[in-house]
**Q** 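First, the structure itself, so that you have it in front of you.
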Protein chains: 2
Amino acid sequence: MAAVDLSTHPGHLARRLQQAHTLLWTTMVSEETTSPQFAVLNALAEKPDIDQRTLSEHVHLDRSTIADLVARLGRRGLLERVRDPRDGRRNVLKLTDQGAAVHRGLVTRTARMNKVFLAPLDEEERETLLRLIGRVADAAEELRG
Amino acid sequence: MAAVDLSTHPGHLARRLQQAHTLLWTTMVSEETTSPQFAVLNALAEKPDIDQRTLSEHVHLDRSTIADLVARLGRRGLLERVRDPRDGRRNVLKLTDQGAAVHRGLVTRTARMNKVFLAPLDEEERETLLRLIGRVADAAEELRG
DNA sequence: GCGAGTTGCTCAGTGCACTGACTATTTCTT
DNA sequence: AAGAAATAGTCAGTGCACTGAGCAACTCGC
C-alpha cells in the first residue's frame, strides 16, 4: 500500500552499485586489500608525506575512518606513520617498499576488473555514467562545503 | 608514481555517490531511520507477511544484514517478527501501525530529497543515470546468481 | 519412516563510515 | 607573552555489509 519503486531511487541504486562492485573486487582484485584501502595506497603513491587530514580529502573519507584504515595498512606493513617534527599534531604518511609493490600489483588488476564491471555498457555509455555520477557527487559534496 | 585517476573508477565513484546520498538523507529525510531501513519498510508496505529471506532478495541485502536491520526496526516497534506456525524456520514480518505511519511520512520526504540530489542533472540525464546504474548493478548481480 | 540434504536464521568476526566528544599542539589576537 | 581559536588525531558509539560456522526445522529419496 503506497509503496514506492526503489529502482527509481538513486540512493538505493548507489548502494546496489557499490555492493556489486565490492563483490567483484574481492573475486577479481584482492581478498586482502579492499577498494578504499587501494584508494589510500594510490593517493600515497601519488603524493607521499601527506598527513591524514589531507589524505582524507583526497580519497573523500572522514578523518576517523582514515585513522582506522591507516592503522590497518600500517599493521600490514604497507605504510609508515611518523609524527611530523615540524608540527606535532600531524602524522606524516608514506608507503613502504612493500606498500608500493602491493599498489603496483593492484593497479593492473583493478583496470581489468573495471572492464568487466562496465562490460554491459558501450564506450559512450561508460563515459556518460562516470561523468553523471561525478557531477551528482560533486554537487552533493558542495552542499556541505 | 604510476598512480591512477580514481575519478575514472566506477567503484570509487559509487562509494562517493552513496556517501553523498547518506549525508543528504540524514539532513533532509530522517536522522533516526536510514535509507536501508526505509527500503525494508517499503518492501513490507508492499508485501507484508514475507520472511527475512524473501525480504533480503527484495532489497538486495544479505541475510545476516537483514537480521540486524529487522532487529533494530523491531526494537523501535516499527515491525513485528512472528515465528511461522506452518514453517518453524521462518520469521514472518509485518509492519505495525506505527511502522506504516513512519513509512508514509518518509515517502514524501524521500521524493523531495531525490529531487535535490539529482538537481544538477536535467530530466534526460536523470533517466540515463538511473538506467545505466541499474544495468551495471543487474549484470554484476547476475555474475553471482 | 528415516537419513541426507536443503533451507531459514543466528552468531562471531572483520571492515567501512559517520557523529560527537576529547586531547594535544599550533596559530592567531591582543 | 598569555589567552582564545583553530587544527590534527584519537576514541566511543552506532549502523551498514559481508563471510563462514553452526543450529533448528523442513523436504526429498528410497
Side-chain angles (χ1 to χ4, degrees), chain A residues 11-12 14-27 30-40 49-57 59-76 81-93 140-141 144, chain B residues 11-12 14-27 30-40 49-57 59-76 81-93 140-141 144:
Chain A
H12 189 247
R15 193 183 52 69
R16 283 184 54 202
L17 186 65
Q18 210 211 327
Q19 173 191 332
H21 173 264
T22 305
L23 200 64
L24 200 58
W25 178 282
T26 56
T27 63
S30 170
E31 292 190 11
E32 299 86 41
T33 309
T34 65
S35 171
Q37 285 172 11
F38 172 71
V40 165
D49 299 310
I50 57 177
D51 63 12
Q52 293 182 189
R53 168 66 125 193
T54 311
L55 176 59
S56 80
E57 278 160 18
V59 297
H60 294 96
L61 281 174
D62 177 278
R63 60 202 204 290
S64 46
T65 302
I66 281 289
D68 269 9
L69 252 162
V70 161
R72 272 189 285 274
L73 292 173
R75 248 180 270 131
R76 285 172 54 199
R81 179 160 44 162
V82 183
R83 205 103 221 172
D84 187 345
R86 297 221 164 259
D87 185 340
R89 295 168 298 183
R90 291 196 170 105
N91 287 333
V92 176
L93 306 172
E141 281 161 11
R144 259 309 183 215
Chain B
H12 189 248
R15 193 183 55 67
R16 283 185 53 203
L17 185 66
Q18 211 211 325
Q19 174 191 333
H21 173 264
T22 304
L23 200 65
L24 201 57
W25 179 281
T26 57
T27 63
S30 170
E31 292 189 12
E32 299 85 40
T33 309
T34 65
S35 171
Q37 286 173 9
F38 172 70
V40 165
D49 298 310
I50 58 177
D51 63 12
Q52 293 183 190
R53 168 66 125 190
T54 311
L55 176 60
S56 80
E57 279 161 17
V59 298
H60 293 96
L61 280 174
D62 178 278
R63 318 131 190 73
S64 44
T65 303
I66 282 287
D68 269 8
L69 252 163
V70 160
R72 272 189 286 273
L73 292 173
R75 247 180 271 130
R76 285 172 55 199
R81 179 160 45 162
V82 183
R83 206 105 221 171
D84 188 345
R86 296 220 165 260
D87 185 340
R89 292 168 299 185
R90 290 195 172 107
N91 287 333
V92 176
L93 306 172
E141 281 162 11
R144 258 308 184 215

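Only this structure's heavy atoms are used, side chains among them; waters, hydrogens and symmetry mates stay out. Per chain, numbering begins at 1; letters A, B, ... match sequence-line order. Note that the structure is a prediction, hence the values are computed from the model and not measured.
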**Q** Could you tell me whether A:Asp68 contacts a base, only the sugar-phosphate backbone, or nothing, with contacts defined as non-hydrogen atoms closer than 4.0 Å?
**A** nothing
**Q** Let me know, please, whether B:Arg83 or A:Asp62 comes out on the 5' side of the other along DNA chain C by nearest nucleotide.
**A** B:Arg83
**Q** Provide a list of protein-nucleic acid N or O atom pairs under 3.5 angstrom, restricted to nucleotides 2-7 of chain D.
**A**
| from | atom 1 | to | atom 2 | distance (Å) |
| --- | --- | --- | --- | --- |
| D:dT7 | O2 | A:Arg89 | NH1 | 3.2 |

**Q** Grab the CG-C1' distance between B:Leu61 and C:dC9 for me, whole Å please.
**A** 16 Å
**Q** Ignoring the backbone of B:Asp51, work out which of D:dT19, C:dG8, C:dC18 is nearest its side chain.
**A** C:dG8
**Q** When we call it a touch if two heavy atoms are under 4.0 Å apart, what does B:Thr34 touch: a base, just sugar-phosphate, or nothing?
**A** sugar-phosphate
**Q** When only distance counts, do a donor and an acceptor, one from the side chain of A:Thr26 and one from the base of D:dT19, lie under 3.5 Å apart?
**A** no
**Q** Assign each of B:Pro85 and B:Arg75 to its nearest nucleotide of DNA chain D by heavy atoms, then name whichever residue's nucleotide is nearer the 5' end.
**A** B:Arg75
**Q** What is the separation between atom NE2 on B:His21 and atom P on C:dA17, rounded to the nearest whole Å?
**A** 16 Å
**Q** Below the 4.0 Å mark, does D:dA17 have OP1 or OP2 next to a side-chain nitrogen or oxygen of A:Gln19?
**A** no
**Q** Between atom CD in B:Glu32 and atom C1' in D:dT14, what is the gap in whole Å?
**A** 14 Å
**Q** Starting the side chain at C-beta, find the nucleotide from D:dA25, D:dG9, C:dT10 nearest to B:Asp87.
**A** D:dA25
**Q** Phosphate oxygens OP1/OP2 of D:dT10: is one of them under 4.0 Å from a side-chain N or O of A:Arg81?
**A** yes
**Q** Nearest whole Å is fine: how far is D:dA17 P from A:Gln18 CD?
**A** 9 Å
**Q** Rounded to whole angstroms, how far apart are CG on A:Leu17 and C1' on D:dA17?
**A** 15 Å
**Q** Salt-bridge test for A:Arg76 and A:Glu32: reply yes if a basic N is under 4.0 Å from a carboxylate O, no otherwise.
**A** no
**Q** With a cut-off of less than 4.0 Å, is there a side-chain N or O of B:Thr65 near OP1 or OP2 of D:dC18?
**A** yes
**Q** For the pair made of CG in B:Leu69 and C1' in D:dC18, what is the distance, rounded to whole Å?
**A** 13 Å
**Q** Output yes when a side-chain donor or acceptor of A:Gln37 lies under 3.5 Å from a complementary backbone atom of A:Thr34, and no otherwise.
**A** yes
**Q** Ignoring the backbone of B:Gln37, work out which of D:dA17, D:dG15, C:dG15 is nearest its side chain.
**A** D:dG15
**Q** Can you check the B:Arg16 CZ to C:dA17 P distance for me, whole Å?
**A** 13 Å
**Q** Choose from D:dC26, D:dG9, C:dT19 the nucleotide whose nearest atom is closest to any side-chain atom of B:Leu23.
**A** C:dT19
**Q** Quick one: do B:Asp87 and B:Arg89 make a salt bridge, cutoff under 4.0 Å?
**A** yes
**Q** For A:Leu73 and C:dG15, what is the distance between atoms CG and P respectively, to the nearest whole Å?
**A** 10 Å
**Q** Do A:Leu55 and A:Val70 come close enough that some side-chain heavy atom pair is under 4.5 Å?
**A** yes
**Q** Return yes if a side-chain donor-acceptor contact under 3.5 Å exists between A:Asp51 and A:Thr54, otherwise no.
**A** yes
**Q** For C:dT10 and B:Gln52 - does any side-chain N or O of the residue sit under 4.0 Å from the phosphate oxygens OP1/OP2?
**A** yes
**Q** Would you say B:Leu69 and B:Pro36 make side-chain contact, with heavy atoms under 4.5 Å?
**A** yes
**Q** Are A:Gln52 and A:Arg90 close enough that a side-chain donor and a side-chain acceptor fall under 3.5 Å?
**A** no
**Q** For a quick check of understanding: with a heavy-atom distance under 4.0 Å over all strands, which category does B:Thr22 fall into, base, sugar-phosphate or nothing?
**A** nothing
**Q** Between A:Trp25 (side chain only) and B:Gly11 (backbone N and O only), is there a donor and an acceptor less than 3.5 Å apart?
**A** no
